[in-house]
Peer 1: 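Take this structure, written in structure tokens, and hold onto it; I'll ask about it next.
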Amino acid sequence: MRKAIIIGAGIAGIASAIRMAVKGYSVEVFESNPYAGGKLSEINIQGFRFDAGPSLFTMPQYVDELFTLAGKNPKDYFEYEKLDEICRYFYEDGLKLTAYADVTKFGAELAEKTNSNAAEVDSFLAKSKIIYAVTHKVFLERTLHKVKSYLHWDTLKSVFRFGNIDAFRTQNKANESFFKDRRIVQLFNRYATYNGSNPYQAPATLNVIPHFEYHFGAFLPKKGMYSITLALVKLAEDVGVKFDFNQKVDAIDYQNKKIKGILVGGKFVAADTVISNLDIWFTYKTLLKNLPPPTKLLNQERSSSALIFYWGIKNIHPDLDLHNILFASSYETEFDTIWKEKSIPHDPTIYINITSKHIKNDAPEGCENWFVMINVPANNGQEWDQLIKEARQNIIEKINRILKKDISEDIICEEILDPRSIEFKTGSYQGSLYGNSSNNQFAAFLRHPNFISKISGLYFCGGSVHPGGGIPLALLSAKIIGDEIG
Ligand code: FAD
């Protein structure tokens with residue numbers, strides 16, 4: 001029986017394992033942590049449960065597909081609900097908006113409370129739909145690195161429509177042309193941060209992202225985001241995958257341009273196929289030390305990182321829902337501070353995710369689990385301890401200002417994740433959340449391919465390689481590998 005080894009049990013590693021097992025391989029996953037999921041894991045403190053990383057679930061069809069592929073019913077493993085409210089937005093000038101999944105309702109909300117209207121949203125989302133139609137087969141679902149990808153009829157059709165993907169102006173410029181109200185420009189600029197980029201530099205092609213939410217929907221697994229990991233691990237085990245935790249792989253072994261296996265804990269384990277789920281930077285720097293690295297590609301600017309406070313909160317805060325954004329008064333200043341000064345803005349945009357609004361067991365009675373996150377630069381050795389202290393104070397003051405109440409006494413327990421601990425816990429170079437940034441129009445072509453011609457039998461999956469970061473794209477990297485292996 002052919003053997004496949006997967007290095008890393010992040011979401012793409014687990015998905016790759018399932019795909020290889022379904023193909024008839026004997027599959028073993030080596031994971032350095034004592035648990036699966038990588039960034040998609042959870043934290044439990046004093047009766048509060050938090051999803052550690054991702055909080056927004058889009059494109060669940062890519063998860064469901066894995067169950068179907070294995071001949072199983074996804075509902076036997078985990079369930080999720082479609083959200084009626086995508087997000088609540090709060091502005092320093094007192095404006096509060098609810099982004100309803102129902103676009104007509106969202107348009108009416110804008111018309112009632114802002115200088116924008118339903119027609120603006122409609123034409124923006126029509127453009128998002130076109131970008132999706134042109135890009136998804138070419139940029140998301142296939143490798144960009146083989147001629148055969150360009151020979152499909154749908155790819156050729158897309159190539160002729162490339163002019164429609166809005167790659168030659170920034171996302172902010174495009175959004176200014178769609179929306180009269182600058183606060184709505186800000187709302188849609190925020191989508192650049194979904195892959196750790198800067199809307200004042202990233203191409204307007206990123207306006208494809210709202211299509212995921214407003215067309216396909218925003219979802220929440222009924223037992224939280226971490227249940228996606230647990231469900232996929234269970235599925236993997238059901239199709240015969242073996243997981244080895246606390247096993248940090250030391251090297252990938254190859255000879256005569258052909259994969260031989262891996263070295264782990266001083267032992268050699270043979271395999272016909274090795275799939276690395278590590279950040280591509282660490283794959284080259286630690287596992288493939290003798291192979292000349294693709295330096296230009298590895299030196300691309302990294303995506304942003306995050307500073308997260310996991311707060312157990314006493315009291316219920318009815319103004320807030322599952323997803324909440326408290327916007328910075330100047331978005332441009334915020335991004336300049338992150339990207340040019342490589343520091344933490346004084347007035348950051350704050351994201352508060354509260355799963356206990358929907359999942360009662362995530363917090364004790366009368367309490368809430370607040371996941372409070374701001375975007376910060378990737379780790380370049382900043383004075384993080386001092387920056388975090390100042391940021392914590394600024395965040396609390398901003399929340400107090402916007403919610404018009406003092407929440408500082410409500411925080412009954414706390415854990416903090418910052419770029420250093422993200423790098424340490426998930427092996428993400430510089431703690432960036434999504435691999436390289438997409439701050440230029442060529443970024444899609446500068447992500448590492450899912451394979452290399454130098455070593456046959458070696459593949460790469462996960463958020464730092466093609467097609468990109470975030471759960472849906474990480475899952476697609478596994479799908480592309482599956483299709484390549486045939
Ligand atoms: P990773 O999660 O990066 O896991 C890699 C695994 O490899 C880890 O388990 C690590 O321990 C293991 N490993 C590393 N080195 C070794 C070694 N030598 N040997 C063995 N194992 C090793 N995405 C969304 O879709 N929606 C969101 O709302 C969202 N929000 C996010 C918020 C935060 C705070 C973070 C951190 C990420 C967020 N993301 C979000 C991004 C998403 O989490 C990632 O893109 C995705 O989970 C990456 O998965 P991956 O397969 O690349 O593996």
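Counting starts at 1 for both ligands and their atoms, following the listed order. Side chains are part of it too, since the values below use all heavy atoms of this structure and drop only hydrogens, waters and symmetry mates.
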Peer 1: Taking the six-membered ring for Trp, are F460 and H466 ring centroids under 6.0 Å apart?
Peer 2: no

Peer 1: Looking at ligand 1, does S428 have a heavy atom less than 4.0 Å from it?
Peer 2: no

Peer 1: Taking the side chain as everything from C-beta on, heavy atoms only, tell me whether L458 gets closer than 4.5 Å to L288.
Peer 2: yes

Peer 1: State the atoms of ligand 1, each with its element, that fall below the 4.0 Å cut-off from a heavy-atom position in G38.
Peer 2: 2 (O), 4 (O), 8 (C), 9 (O)

Peer 1: Mind checking whether A306 has an N or O less than 3.5 Å away from an N or O of ligand 1?
Peer 2: no

Peer 1: Which is it for Y434 and ligand 1 at heavy atoms under 4.0 Å: side chain, backbone, both or neither?
Peer 2: side chain

Peer 1: Look at atom 24 (C) of ligand 1 and find which of L473, N353, I471 reaches it with the closest heavy atom.
Peer 2: I471

Peer 1: In ligand 1, which numbered atoms sit nearer than 4.0 Å to a non-hydrogen atom of I11?
Peer 2: 47 (O), 49 (O), 51 (O)

Peer 1: What do you reckon, is NZ of K129 surrounded by more than 12 foreign heavy atoms closer than 6.0 Å?
Peer 2: no

Peer 1: From the options S432, C461, G53, select the one whose nearest heavy atom is closest to atom 33 (C) of ligand 1.
Peer 2: G53

Peer 1: Which bit of N277 gets closer than 4.0 Å to ligand 1, counting heavy atoms only: side chain, backbone, both or neither?
Peer 2: both

Peer 1: Which pairs with one or both residues in residues 54-68 pass salt bridge (Lys or Arg N to Asp or Glu O under 4.0 Å), sequence neighbours excluded?
Peer 2: R19-E65, E65-K479

Peer 1: Residues two or more places apart in sequence or in another chain: which of them pass side-chain hydrogen bond (donor to acceptor under 3.5 Å, both in side chains) with S55?
Peer 2: Y351

Peer 1: Indicate, with yes or no, if the rings of F106 and Y100 have centres closer together than 6.0 Å.
Peer 2: no

Peer 1: Could you tell me, atom by atom, which parts of ligand 1 come under 4.0 Å of a heavy atom of I308?
Peer 2: 34 (C)

